[in-house]
Amino acid sequence: MIEIKNLKKKYSADFTLNIENLKIKTGERVALIGANGSGKSTLLKLISGYIKPDSGEILINTEKMAYLPQDPYIFSMSVRKNVRIGLKDNKKQEENLKEILIMTGLFNLLDKNAAKLSGGEKQRMVFARMLIDKHNLLMLDEPFGAIDIDFKDSLEQILSDYCIANKTTLIMATHTPAEAFNLCDKLIIMHKGEVIEYGQCGDIIKNPKTDFGKTFLKQWRITDV
Ligand SMILES: Nc1ncnc2c1ncn2[C@@H]1O[C@H](COP(=O)(O)OP(=O)(O)OP(=O)(O)O)[C@@H](O)[C@H]1O
Ligand SMILES: [Mg+2]
């Protein structure tokens with residue numbers, strides 16, 4: 001369970017994140033959507049503890065969590081070394097790693113310096129690194145934003161299977177409708193630093209409460225609105 005109360009983070013006169021109350025239950029999968037600059041990444045950074053709020057509380061009842069930033073951190077060393085960071089000397093993890101490297105198409109890139117990978121290859125690499133461990137909470141910031149369509153489909157399926165197998169709570173920022181609906185049961189629409197819609201995907205699509213929610217979903221070409 002994640003519970004947010006009276007959370008505030010001011011960056012400038014133009015932008016303050018302001019969330020009075022938000023609860024995400026264990027095992028829920030939530031897509032975080034909204035225009036550029038609406039506050040999706042800021043919210044994920046706050047929940048993950050990457051940045052501190054000015055005021056308010058974030059209560060997290062979760063043991064093991066992973067956060068994948070929009071611009072993932074890459075060590076300037078081989079892909080092999082990058083994906084092994086944090087790996088314990090554990091036979092089960094070694095077996096998992098081999099399977100994950102195959103699934104994410106990284107096998108032929110293992111000796112390449114990760115700093116020289118393409119944007120999509122970097123995303124596949126940090127995604128692979130995350131899959132090695134079992135996490136109760138994943139906070140993913142546009143994890144497939146640079147990934148081509150072939151890999152995107154299979155990585156979505158891998159993520160969905162992972163969340164179901166591990167009963168993982170997922171919060172994922174995305175600009176892609178299909179990704180949100182394939183992977184998540186709930187939607188948060190952010191606008192100017194606030195959560196303006198939150199609920200089951202189907203309910204929000206049929207009955208957005210706000211004018212901005214309606215307009216935004218129309219831009220997503222979701223015809224039920
Ligand atoms: N470190 C910072 N210092 C000052 N302003 C910031 C900082 N980080 C973000 N902002 C501003 O806060 C606002 C929200 O940014 P944020 O990155 O959360 O948006 P976003 O919804 O993730 O957008 P995108 O879809 O482009 O990823 C933006 O106006 C941005 O310019
Ligand atoms: Mg962002």
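Atoms within a ligand are numbered from 1 in the order they appear, just like the ligands themselves.
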So for A173 against ligand 1, with non-hydrogen atoms under 4.0 Å, the contacting part is neither

Location of contacts on E142 toward ligand 1, heavy atoms closer than 4.0 Å: side chain

Geometric N/O contact F15 with ligand 1, under 3.5 angstrom: no

Within ligand 1, which atoms have a heavy atom of S41 less than 4.0 Å away? 17 (O), 18 (O), 20 (P), 22 (O), 27 (O)

Can you list the ligand 1 atoms lying under 4.0 Å from a non-hydrogen atom of Q70? 27 (O)

Is the closest side-chain donor-acceptor distance between E28 and T169 under 3.5 Å? no

Residues N182 and E156: side-chain donor-acceptor under 3.5 angstrom: yes

Ligand 1 atoms in contact with H175 (distance to a heavy atom under 4.0 Å): 25 (O)

Does ligand 1 come near enough to G34 that some N or O of the ligand is less than 3.5 Å from an N or O of the residue? no

Could you list which atoms of ligand 1 come closer than 4.0 Å to a heavy atom of S38? 19 (O), 21 (O)

With heavy-atom distances below 4.0 Å as the criterion, list the atoms of ligand 1 near A35. 21 (O)

Nearest neighbour of atom 18 (O) of ligand 1 from the list L32, D14, T42, on a heavy-atom basis: T42

Nearest atoms (heavy-atom pairs only) where L32 meets L44: CD2-CG, 3.8 Å

